[in-house]
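This report concerns only the one structure given below.
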Amino acid sequence: MKGILQTLIETEMGPVSVLIEEGRAVRIKLGGLFEGVPKMEVEPFKSQIEGYFRGKIKGVDFPVKITGTEFLLRVWEEVRKIPYGRVLTYGQVARNLKTAPRAVGLAMARNPLPIYIPCHRVVSKNGLGGFGAGVEWKRFLLELEGVVL
DNA sequence: TCATAATACCGGA
DNA sequence: TCCGGTATTATGA
């Protein structure tokens, strides 16, 4: 599958779209579509995201292309290790990486691939913390994974 | 509780 | 370069 296109998934919370370039996911958007990009059904992106939202699978793993600074890549890699249904605080992730909580928050805000990089599993020490697509998405995802908080 | 500093990093001027 | 802005946290009154 060549070129640039997107696949659309309907969920209880609203639309989720995956932007795909040269057969690899480059961005995932919660709650909207990418402007001016042709839509089609693209596997395996579509079925995996659907499976995740239905609680059938505990994670997604498809070809991706992730770009970012050295630091961002390190943080995203660390976050990807957090298992389904578990959460860490910004501070805990920061300690693992010998950096500061605030820098971790910054890296989360720049996550191009939510769900694939489960940034919703990184929460504030006292509360939910923020979320790019809106905290209601974060709450929904954690609830889906059975996290009480 | 509320304010404030420390902190690591990023992007724009 | 410098500077302001973060999806934070620890501390002191």
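Computed from a prediction, not measured in an experiment: that's the story for all the values here. Sequence lines set the chain letters: A, B, ... in the order given, protein chains first and strands last, and positions in each chain run from 1. Quick note: numbers below take in every heavy atom, side chains included, and nothing from hydrogens, waters or symmetry partners.
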Q) Closer to the 5' end of DNA chain C via nearest nucleotide, is it A/A103 or A/T89? A)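 The answer here is A/A103.
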Q: Please tell me which of A/N126 and A/L106 maps to the more 5' nucleotide of DNA chain C, matching each residue to the nucleotide holding its nearest heavy atom.
A: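 Looking at DNA chain C, the more 5' nearest nucleotide goes with A/L106.
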Could you please name the option among [options] that lies closest to any side-chain atom of [X]?
| X | options | value |
| --- | --- | --- |
| A/R110 | B/dC10, C/dT9, B/dT7 | B/dC10 |
| A/R102 | C/dT9, C/dT6, C/dA7 | C/dT6 |
| A/K138 | C/dG5, B/dT7, C/dA7 | C/dA7 |

Q: Verify the contact: side-chain N or O of A/T69 to OP1 or OP2 of B/dC10, cut-off strictly under 4.0 Å; return yes or no.
A: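 True: A/T69 side-chain N/O within range (under 4.0 Å) of B/dC10 OP1/OP2.
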Q. Would you say a side-chain N or O of A/K125 is under 4.0 Å from OP1 or OP2 of C/dA10?
A.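 Indeed, a polar side-chain atom of A/K125 lies that close.
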**Q.** Gap separating the CZ atom of A/R27 from the CG atom of A/N111, nearest 0.5 angstrom
**A.**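 It comes to 10.5 Å.
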Spacing of [X] atom [atom1] relative to [N] atom [atom2], expressed in whole Å:
| X | N | atom1 | atom2 | value |
| --- | --- | --- | --- | --- |
| A/E78 | B/dA8 | CD | C1' | 16 Å |
| A/M108 | C/dG5 | CE | P | 23 Å |
| A/N111 | C/dA7 | CG | P | 13 Å |
| A/L128 | C/dT8 | CG | C1' | 14 Å |
| A/L72 | C/dA7 | CG | P | 14 Å |

**Q.** Carboxylate-amine/guanidinium proximity below 4.0 Å for A/R80 and A/E77
**A.**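 No, no charged N to carboxylate O under 4.0 Å.
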Q: Looking at every strand, decide which applies to A/G129 at a 4.0 Å heavy-atom threshold: base, sugar-phosphate, or nothing.
A: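 No contact at all - A/G129 keeps every heavy atom at 4.0 Å or more from the nucleic acid.
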(Q) Regarding A/F71, tell me which of base, sugar-phosphate or nothing describes its non-hydrogen contacts under 4.0 Å with the strands shown. (A)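 The residue A/F71 makes sugar-phosphate contact but no base contact.
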Q: Specify whether A/Y84 and A/Y52 have parallel, tilted or perpendicular ring planes, treating 30° as the upper limit for parallel and 60° as the lower limit for perpendicular.
A: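 Rings of A/Y84 and A/Y52: perpendicular, as their planes differ by over 60°.
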Q) Taking a pair as Watson-Crick or G-U wobble with both distances under 3.5 Å, which nucleotide is matched to C/dA7? A)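 None - no nucleotide pairs with C/dA7, as no candidate has both distances under 3.5 Å.
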Q) Whom does B/dT7 pair with, Watson-Crick or G-U wobble, provided both distances fall under 3.5 Å? A)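 B/dT7 is paired with nothing.
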Q: Return yes if some donor-acceptor pair links the side-chain N/O of A/S17 with the main-chain N/O of A/G32 below 3.5 Å, else return no.
A: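 Yes; judged by distance alone, with no hydrogens or angles, the pair exists.
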Q.
I need the single residue from A/H120, A/K58, A/R86 that forms a side-chain hydrogen bond (donor to acceptor under 3.5 Å, both in side chains) with A/E145. Which is it?
A.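 Of all the options given, the one that passes is A/H120.
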